[in-house]
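Data first, discussion second: the structure below is written as structure tokens.
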There are 2 protein chains.
Amino acid sequence: MSKYLQMIRKSTDLRQEEIKKAVLSIIHRDGLKNLSTKNLAREVGISEGAIFRHFNTKRDIIMSIMDDVIEDLIENLRKISLEDIPPPERLFKYLCNTVTYLLENQGITILLFSEASYENDAEMLEKLNYIFNNQKQLAGKIISDGIAFGTWDESVSVVDLSSLYMGIPITLNIELILNRENFQQENFCKRMFEFILKILKK
Amino acid sequence: MSKYLQMIRKSTDLRQEEIKKAVLSIIHRDGLKNLSTKNLAREVGISEGAIFRHFNTKRDIIMSIMDDVIEDLIENLRKISLEDIPPPERLFKYLCNTVTYLLENQGITILLFSEASYENDAEMLEKLNYIFNNQKQLAGKIISDGIAFGTWDESVSVVDLSSLYMGIPITLNIELILNRENFQQENFCKRMFEFILKILKK
DNA sequence: ATCATTTGTAAGTATTTGCTCACAAAAATA
DNA sequence: TATTTTTGTGAGCAAATACTTACAAATGAT
């Protein structure tokens with residue numbers, strides 16, 4: 001007679017995706033503290049041992065999610081920054097894509113900002129750094145293009161404006177954590193973009 | 001013969017301050033993960049039991065630090081927002097005071113942004129909300145004053161600009177965690193203030 | 001000087017954590 | 001069909017965590 005009844009098997013590839021999704025669900029719903037491997041296993045619907053069949057360590061799961069962000073968000077933004085459309089239009093698209101991604105992947109926000117500083121893990125911080133600095137520098141590139149193009153005020157400091165720009169997605173993140181219901185997220189990117197445009201106006 | 005040698009005693013008031021300082025030191029130096037009561041006791045130089053003589057729970061320590069932020073930072077900003085000086089000058093002072101506070105209390109940054117979302121603790125989130133929204137609304141008040149005064153463009157949305165404004169201290173926080181050495185923090189508030197001014201210009 | 005109060009210690013506690021292991025069973029391959 | 005490989009289970013592990021407790025010693029009031 002069988003010892004375990006109705007065991008559902010899936011490939012490691014599929015399970016890895018399920019596990020990563022479950023991580024974000026737990027963080028978004030219950031907070032980072034509840035992201036134990038036990039809870040994670042329950043969320044996925046497998047045993048705790050199975051989790052470690054598909055990932056060597058819990059840390060590997062987090063790192064893999066960070067790699068996803070790099071692949072999905074950053075590489076998309078890189079493409080946009082290189083598109084052959086006028087800088088104003090390009091910067092707008094760039095900002096709105098960022099905002100959309102953050103709205104669609106809300107668990108990631110907490111994961112990125114909390115986990116790295118929580119763990120104080122050098123490799124994690126490096127990945128986070130990569131994500132942050134690429135977002136910033138690619139935005140800076142578009143701004144530089146617009147200035148070189150003659151569209152925008154050349155006296156504006158690209159570095160400084162990139163810093164201010166980065167405040168937009170980050171504030172969005174914070175507002176989503178703190179004011180999730182009150183926050184007016186419609187046209188958020190448009191409204192913020194108008195401000196950036198005004199700064200860049202000759 | 002004495003069982004313990006050279007026991008240094010201090011009042012609960014003093015110890016509470018020492019403990020709270022130690023919390024920020026540990027977070028700043030080793031990350032939130034290393035903020036165990038055991039490490040905390042070692043950092044202060046007392047036994048773990050003594051920690052619980054001065055605070056009932058570890059959570060109480062964090063809450064008390066958050067109350068300090070409200071008392072030290074927010075109440076100071078409130079006063080500035082009510083000062084009888086021209087809005088541009090007032091907003092500049094407001095921003096620079098915020099920046100200075102954040103630079104001088106770097107452990108607090110991580111504590112505020114990570115701990116609350118880590119614990120997913122309603123009361124903690126409420127305090128964080130209070131800190132965030134007051135900073136934002138008081139800045140908004142100064143902007144409104146300037147518009148009412150006739151100095152600034154009345155077509156600017158105060159709510160939206162306050163959101164953008166909040167990006168400044170928050171980005172500063174992130175940069176301090178990620179780029180601590182490279183980050184150019186001199187005149188940071190001035191450079192950011194110039195951007196806000198340009199947006200507000202008629 | 002006596003004694004209650006306060007502040008300290010050291011050695012516990014129960015619980016949770018990330019992770020391992022021996023083995024069961026489904027799926028792929030021969 | 002027979003065998004190997006992959007995916008699963010559930011019990012259990014050492015280490016860490018927040019917190020407690022019994023008792024020691026310093027301090028302040030009488």
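In what follows, every chain begins at residue 1, and chains take the letters A, B, ... in the order their sequences are listed.
Taking atom CG of residue L40(A) and atom C1' of nucleotide dT17(C), one finds them 13 Å apart after rounding to whole Å. In this structure, the CD1 atom of I62(B) is 11 Å from the P atom of dC19(D), given to the nearest Å. Summarising the geometry, the separation between CD1 on I19(B) and C1' on dG8(C) is reported as 12 Å, rounded to the nearest angstrom. One atom, CZ of F52(B), and another, P of dA11(C), lie 18 Å apart when rounded to the nearest Å. The CG atom of D60(B) sits 14 Å away from the P atom of dA18(D) (whole-angstrom rounding). Put simply, CG on L14(A) is 14 Å from C1' on dA27(C), counting in whole angstrom units.
Residues satisfying the side chain to side chain donor-acceptor pair (under 3.5 Å) criterion with N120(A), sequence neighbours excluded, are absent altogether. With sequence neighbours excluded, the residues that form a side-chain contact (heavy atoms from CB on, under 4.5 Å) with R59(A) are T57(A), M63(A), D121(A), E123(A), M124(A). Considering only residues two or more places apart in sequence or on other chains, Q137(A) meets the side-chain contact (heavy atoms from CB on, under 4.5 Å) condition with N133(A). Evaluation of the side-chain contact (heavy atoms from CB on, under 4.5 Å) rule for E18(A) yields K10(A), R15(A), V44(A) as partners, not counting sequence neighbours. Residues passing the side-chain contact (heavy atoms from CB on, under 4.5 Å) test with L24(B), sequence neighbours excluded: I65(B), I108(B), L111(B).
Although no hydrogens or angles enter the test, the distance criterion places a donor-acceptor pair under 3.5 Å between the side chain of R191(B) and the main chain of E186(B).
Among residue pairs with one or both ends in residues 32-74 of chain A, none qualify as disulfide bond (SG atoms under 2.5 Å apart); sequence neighbours excluded. Pairs of residues two or more places apart, or lying in two chains, never qualify as disulfide bond (SG atoms under 2.5 Å apart) while including a residue from residues 40-73 of chain A.
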*For nucleotides 3-10 of chain D, read 5' to 3', which letter fits each nucleotide if B means a protein heavy atom sits under 4.0 Å from the base, S means only the sugar-phosphate is that close, and - means neither?*
---BBBBB
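Within residues 21-36 of chain A, no residue is approached by DNA chain D to less than 4.0 Å at the level of any non-hydrogen atom.
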